[in-house]
Structure formats: structure tokens, C-alpha cells
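In what follows, chains carry the letters A, B, and so on, assigned in the order in which the sequence lines appear, proteins first and then strands, with residues in each chain numbered from 1. Everything numeric in this text was worked out from a predicted model, so none of it was measured.
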Number of protein chains: 2
Amino acid sequence: MARSTNARRPATLASLAAELGVSRTTVSNAYNRPDQLSPELRRRVLETARRLGYPGPDPVARSLRTRKAGAVGLLLTENLSYAFRDPAAVGFLEGLALACEDAGQGLLLVPASPEREDVAAVHRAGVDGFVVYSVPDDDPHLAAVLERPVPTVVCDQPEIDSVDSVGIDDRAATTALARHLIELGHRRIGVVCMRLGRDRNDDFVPLERQRDAHFHVQRTRLTALADAFATVGVDWATVPVVERFDHTTASGESAAAQVLDRDPEITALICTSDILALGAMTEAGRRGLRVPQDLTVTGFDGIPEAERAGLTTVRQPVLEKGRAAGRLLLDSAEHGRPRRVTLDTELIVGRTSGQPRAAAQIWYGP
Amino acid sequence: MARSTNARRPATLASLAAELGVSRTTVSNAYNRPDQLSPELRRRVLETARRLGYPGPDPVARSLRTRKAGAVGLLLTENLSYAFRDPAAVGFLEGLALACEDAGQGLLLVPASPEREDVAAVHRAGVDGFVVYSVPDDDPHLAAVLERPVPTVVCDQPEIDSVDSVGIDDRAATTALARHLIELGHRRIGVVCMRLGRDRNDDFVPLERQRDAHFHVQRTRLTALADAFATVGVDWATVPVVERFDHTTASGESAAAQVLDRDPEITALICTSDILALGAMTEAGRRGLRVPQDLTVTGFDGIPEAERAGLTTVRQPVLEKGRAAGRLLLDSAEHGRPRRVTLDTELIVGRTSGQPRAAAQIWYGP
DNA sequence: TGGATGGACCGTAACGTTTCAGAACCAATA
DNA sequence: TATTGGTTCTGAAACGTTACGGTCCATCCA
């Protein structure tokens, strides 16, 4: 059977050069450095390439030779569904994508689901650097990234020696939020937080688990809350803290319910993300609790939906965070010590925080 | 000056083999096929690797040899900001990312801004296939993708010979929407659509430009509207159609204003996306027009925000679209003719469509 | 006419890996 | 003892490209 010309072994730069009777270098130059050969020869090369079905230099072979992949890897060990549904994560992604686009670099989403222990995807990623966004500090994927000999920027992670990082001052931001609540008079509070480790624990969080939390951001916020409320005599051990693995409004609802079931007397429910807070508001409404008269609810992030809802929260510049991470990674200038970028946050006092009933009596009482 | 051992030329599989006095094959096997060598030797290999700082097989070299990049390229020639701000696009991305994750493949966002004529990024992308999402049919990036000898799936694009595609029946969906409005009695309408070509034209759209629109989806929807309204005697040439380059609610606002300025008598404003429709509602409110009593507004996509707003729209399964595109691309089974996946849509009649004033008089008059 | 200049092109040597067919060895079987 | 079968390891050949350091030759100027 005669084979069509298409079916034969695909053309390469070398075969094209042979066909033309020129050197491989010349063919390479025809694509990469048009000024290095005569226009006439270049035309012939390109025409012959078309005739032979040569699709141009193979990107992988090129990468091998030039030692440049032209892409940045993004590691976010989060179930991708949640990542794309969390406006804060999407904003980060947008910022990072913009930085990459500006630099003409691709952005590779590395397939690393939390369940999958398989680190091979990290090894297989052909990238010039990694951005690691909010993964547990004991995640094997993170370890695998750090073993790769490429620059890395971590974001919302504990600082690592000799690795650049981007983040906010979670402690200061949380402290400001806590002070706001303290000044309003809240002393009996509950907390809803995101997952604290790689294992699922949709339940109350013992002090030990809070202290050993593997998500740096969550741990820092909890500690800051504990410290702030300690200054006004609140025993943190008595504060109900509930954790949710899935980062959804539904989680916020059920977690709020769990806290309120345990201690119906709390006057404020502090959530470590807006998504959770929005769910908590739903649950409050379901119980006939008015916000903020009966219950103060706060979030964290400052996503648009929270703003619309008038949520008291901490706004953080998520897009800038992504952009900063990208810039840091792509700015290849030599730098001795690791660079740290800390972005500003802003306490947004909305309509969901107010004085607790008891405090209100003190203020407005006889 | 003595150099630290770190500064010397990085270790490779070959140098590691030399150090150990074994063949390269054996070292390769130590990483990729542990069952092919004795546990003892494997331990030695891995230990020596650690000592020499060998980070494991280079992913690019591996890709060159295996002819697998382990990643899928996504081409969306849209300003990335708008892509990440459009819930429909994010939903698509989520679906595609899920499909890739399931298959253990990476997802590479190819940096191709609409302004940038530079197609090099497409050539440079080390991927096993491409997904092309809603780019103009004359986009040079698309042409570059089609020249690459890798499988491709196009989405929301005109069908291309021998290329798989995913989409919805835009014509049928739009026709259903138009019929709904026609049955309500609307005859005098205005249209707000997304951009129709690579050039910016934030203005009214002549018939010719509608017909020659390079965005398949927009073109199809406009044609379907024209045909549907033609059946009830509406001369499409008299229908104000306004285009906006940027896909934002602000665009929806200004476009609605432009239409209403031109013809304040219209009873329905049809927008080809929910984002635009939400903006149009804002503008209607600003003018004191009640929706739907004074003005009917419709969208397209069925994003959550539209649902909350009670928008009359067409819901399309954006996540499924992304997932289907990914599955199609990654299902490497040989298939003769190109595959076409058409997903179902649903007309959502919300609170933003009603009878026009004139029609209402007919119904409820004396 | 000699020498300098610069454009056009070339040959070789990597880049770091996987694959494939087999070699060497050893134990067990006939 | 010869044969078989299995495990463990090897050598050489790709995979397709670009970097580097040239050579060659026509042209220009003095």
C-alpha cells in the first residue's frame, strides 16, 4: 500500500536542511534570526518547510537547548473547584497571569490535587520557576518544588530560607479586626476557619491543632485572635473554633450552625474568609438572628460579594499579590538574600459588626 | 578562589552514572522503573543523587525523548483581566482544569494578548494539544495553533475541518429567547453585543459588520435574532445594535445608554451576555426605567450573579463545556472524523422580561 | 593591489534523557 | 551437564534543537 506523504515520518529541522542542501544552523536561523541569512534563502527555507509539512522548530527541543521553558508553574494544592470558585484565588490567578503575560511567559497550572500524593507532576513540569500559593507547609508537593533547581516564590506561606515570598501581615490585619470587635464590646465569640491541615476535620479544633496548623495563614490568624482577646481576659480555650475542609459558603453555613449550637450566647462570629462569612450570614438569617444586632459576623479577604453584602472584613489586594509574585519570579536580577514583599491591608468596617446586646445596654442603659 | 561545590556545573543523569560506575540506563531506571534494578543499587543511586545535588531527571529532556509534554495549552485571546472577571470564562477554565487534573495533565495558559500580534508564544508552548476558546476566527494565534502538529479542540468557534469542537447550539438558544420576547409582544428592540472583531468598535454596528463578525458566537446570535424577528415583520436594519470591546458591566451600562439614546421607544434590550445585561439594568435604573414594566432586559450565559438578579437569560453549562473540551482532547483514542459535542442550554425566564406597555394594553385594556 | 570589513553560511558539540536489544550472571530444572 | 528462565545491568542510538567559533567570499577603500 502506498502511504500518503503525510503519513511518513515528520519533517525535522535536519531533514529540511538536508532537502535544501544547507546546514541546520541556516534553517534554525531562518526561524530565529532572519537577519542572519539572505531574504532569498529564507524564503526558500520557509517555502520548502511548508511543502514538507515542517511545523517549525520543536518547542521542547528548543527548550532543552536554550534551557528556557518559557513558562511559570503554579502550585496550588487546593481542589481546583474551590480555587476557581474563591474570588480571592481567582484574583490572585489573574494578577499572576497578567505578570506572566507582560513577560511573554506561559502559566502552567500543575495538577496537584490535595488527595493525590503523587508528586510526579511537579517533577514533570517544564517550567523556569514556580509560584506556590497557600499550600500546607508539610505538603509533599511543596517539598518537591523546593528540590527543583529553579527559582521559586511562595505566597501566603511561612517564610523559607533563600526563597522569595509575598504576603500580607496576617497578624497585624487580624489584630486590627480583633481590636475593632473588642472595642465594640465583644467578649464571647466564636470562630470559623478554613482547613488547618491536609486531613479533613470538619469539627471543633482543639488548641493543639490550632497551634500545629499546617496552613500558615490560618494559624497566624487564629494566634492573632487568641492573643488579642487574651488582652481583655478572654480565655481562648473556651472559644469555640470550628474548621471546614471545603472552602464554600455551604461550609460557612454548617460551621456557623455548629458554633451557634455549642454556644448560642456568642455575640460575634469571626470567619477567616469572606466565603465562610457569607455562609455564616445565611445561617444567622435562618435562625432569625439579626446581623449585627443579634450577631456580629466578620470575614477576611474583601471580595466584591462581601463588599456588596456590607460585610465587615479585611481587604487584601489579591490581584496585586499575584502580580507581585509573578514579578518577583520573573525579575531575574541577581539578589543576595531572599526578597519579602508584604502588601497592605485595610480593615473594612461594614454593616455586619456592631455592639453586642450586653454592651449596648452599658452604653445606652439608664 | 575556591568555589563551593554548589557552584560547579549541575549534576546530570550521566554524571551521576559516571560517579556510581553504572550505566545511564540504570540511573534512569532508578527513577522511572524501580522494579528494574535491585533495591540496594537503587538506594545507592538515590543517595548519591542527593549527595551530588542531582534533582532528578530533567523534565524537558524527558519530554524531548518521550514526545510527551504532559500539558495542555489553552489559547484564549482575550485580555486576561476580562477572562478572569467573566464568571462564564472562569467556569470554563474550571471545567477544563478539572479534566486536566483527572488526567494528570498540566494546563498551560498561553500568553496571547489580543493586541500582541506575536505568535511566538504559540510556537514556544511545550504542550501535547491545544484548547482554543472563543477567539476571533481570523486570529493569527488560532492559525498558529492549527499549524502545530498536535490535537486541538476548539470551543465556541466555527467548526473547522478535522478539528474536534465543543459548543452549544447558539442559534437554537437565541431563537428560543427571541420567541419568548416575540410572544410577550416585543417588536421594537435594541441589542447590546460583545466585540465582533479584533478591532475596537464601541459603537453602533452596521449590518455588514454584523454579517462579517469574526466572533462566531456573537455572529450566530445576531443572525438568529434577526431571523426570528424577521418572522414577525421586524426590519432588522432598523434595530439598533451596539457593540462593546471590553466585556464589563461598565460596557453594558454605556452600551445600553447608547441604544436608549438612539431609540427611547424600545421595549426590550437584548444583551448577548449576562455581564452586559447586568450593566444594562444599572443603566435602566439610572434612567428611572422599571424592569420589566418599562424595559425588558435579557442576557446570555446564566452566571450566578444573573440568577440572583432574576435575569431572563439562557443558561449554558460552562463548566461542562470546559470539561468536555478537556476530555475530548485527552481522550487519545483514534477517531476518524472530527467529533462535535453540543451541550444543552435552557431558557431561564426571570423577572426582567415582561410584556411591553403597548402589548399590556392589548391584554388588559377595556 | 593589498588589506580590512562584514555578510552569509557552516560543522561540531552539546542539551539530558529514554529506549531497545541484548549481555552477563545465577539458580533451578531436566 | 546442558538448558531454561529470570533478574540485573549495559551500550549505543536516538529525540530535535541551538550555541559557538569559525570559514569563505565579495566588496570597499586607499
Notebook entry, point to check: Salt bridge check: are A:Arg339 and A:Asp331 linked by an N-O gap of less than 4.0 Å?
Noted result: yes
Note to self: Can you measure A:Asn32 atom CG to D:dC20 atom C1' for me and round it to whole angstrom units?
What the structure shows: 15 Å
Notebook entry, point to check: Can you check the A:Arg33 CZ to D:dT17 C1' distance for me, whole Å?
Noted result: 13 Å
Note to self: For D:dT18 and A:Ser28 - does any side-chain N or O of the residue sit under 4.0 Å from the phosphate oxygens OP1/OP2?
What the structure shows: yes
Next item on the list: Determine, stepwise, if the pair A:Leu330 / A:Val72 fulfils side chain to side chain contact (heavy atoms under 4.5 Å, CB included).
Entry: CA-CA 9 Å; A:Leu330 295 168; A:Val72 164; 3.7 Å; yes
Next item on the list: For residues 152-163 of chain A, pull every pair meeting salt bridge (Lys or Arg N to Asp or Glu O under 4.0 Å), keeping only residues two or more places apart or in separate chains.
Entry: A:Asp156-A:Lys321, A:Glu159-A:Arg340
For nucleotides 22-28 of chain C, which of its nitrogen or oxygen atoms have a protein nitrogen or oxygen under 3.5 Å away, and what is each distance?
none

Checklist line | Plane angle bin for B:Tyr31 and B:Tyr54 - parallel if under 30°, tilted between 30 and 60°, otherwise perpendicular | finding: perpendicular
Next item on the list: Go through the side-chain N and O atoms of A:Asn32 and A:Arg62 and say whether any donor and acceptor fall under 3.5 Å apart.
Entry: yes
Checklist line | Nearest heavy atoms of A:Ser63 and B:Val60, plus distance in Å | finding: CB-CG1, 3.7 Å
Note to self: Between B:Thr77 and B:Tyr133, is there a side-chain heavy-atom distance shorter than 4.5 Å?
What the structure shows: no
Next item on the list: Mind calculating the distance between CZ (A:Arg124) and C1' (C:dG16) to the nearest angstrom?
Entry: 16 Å
Check: Nearest-Å distance, CG (B:Leu13) to P (C:dT18)?
Finding: 6 Å
Item checked: Check: A:Leu76 and A:Ser134 side chains under 4.5 Å, non-hydrogen atoms -> no
Check: Which letter, B, S or -, goes with each nucleotide of nucleotides 5-10 of chain C from 5' to 3', with contact meaning a protein heavy atom under 4.0 Å?
Finding: ---SSB
Notebook entry, point to check: How close or far is atom C1' of C:dA14 from atom CZ of A:Arg62, stated in whole angstroms?
Noted result: 17 Å
Next item on the list: Could you state the atom-to-atom distance from CD of B:Glu40 to P of D:dT8 in whole Å?
Entry: 12 Å
Note to self: Using modelled atom types and a 3.5 Å cut-off, is there a donor and acceptor pairing between side-chain atoms of A:Ser15 and backbone atoms of A:Ala11?
What the structure shows: no
Next item on the list: With sequence neighbours excluded, give me every salt bridge (Lys or Arg N to Asp or Glu O under 4.0 Å) pair touching residues 20-31 of chain A.
Entry: none
Next item on the list: Pick base, sugar-phosphate or nothing for B:Arg42, based on heavy-atom distances below 4.0 Å to the nucleic acid.
Entry: nothing
Checklist line | DNA chain C-proximal residues of residues 63-71 of chain A, any heavy atom under 4.0 Å | finding: A:Leu64, A:Arg65, A:Arg67
Could you pull out every donor-acceptor pair under 3.5 Å between side chains of residues 120-130 of chain A and any protein atom, sequence neighbours left out?
{"from": "A:Asp128", "atom 1": "OD1", "to": "A:Ala69", "atom 2": "N", "distance (Å)": "2.6"}
{"from": "A:Asp128", "atom 1": "OD2", "to": "A:Ala69", "atom 2": "N", "distance (Å)": "3.2"}
{"from": "A:Asp128", "atom 1": "OD2", "to": "A:Gly70", "atom 2": "N", "distance (Å)": "2.8"}

Note to self: Please classify the nucleic acid contact of A:Tyr31 as base, sugar-phosphate, or nothing, using heavy-atom distances under 4.0 Å.
What the structure shows: nothing
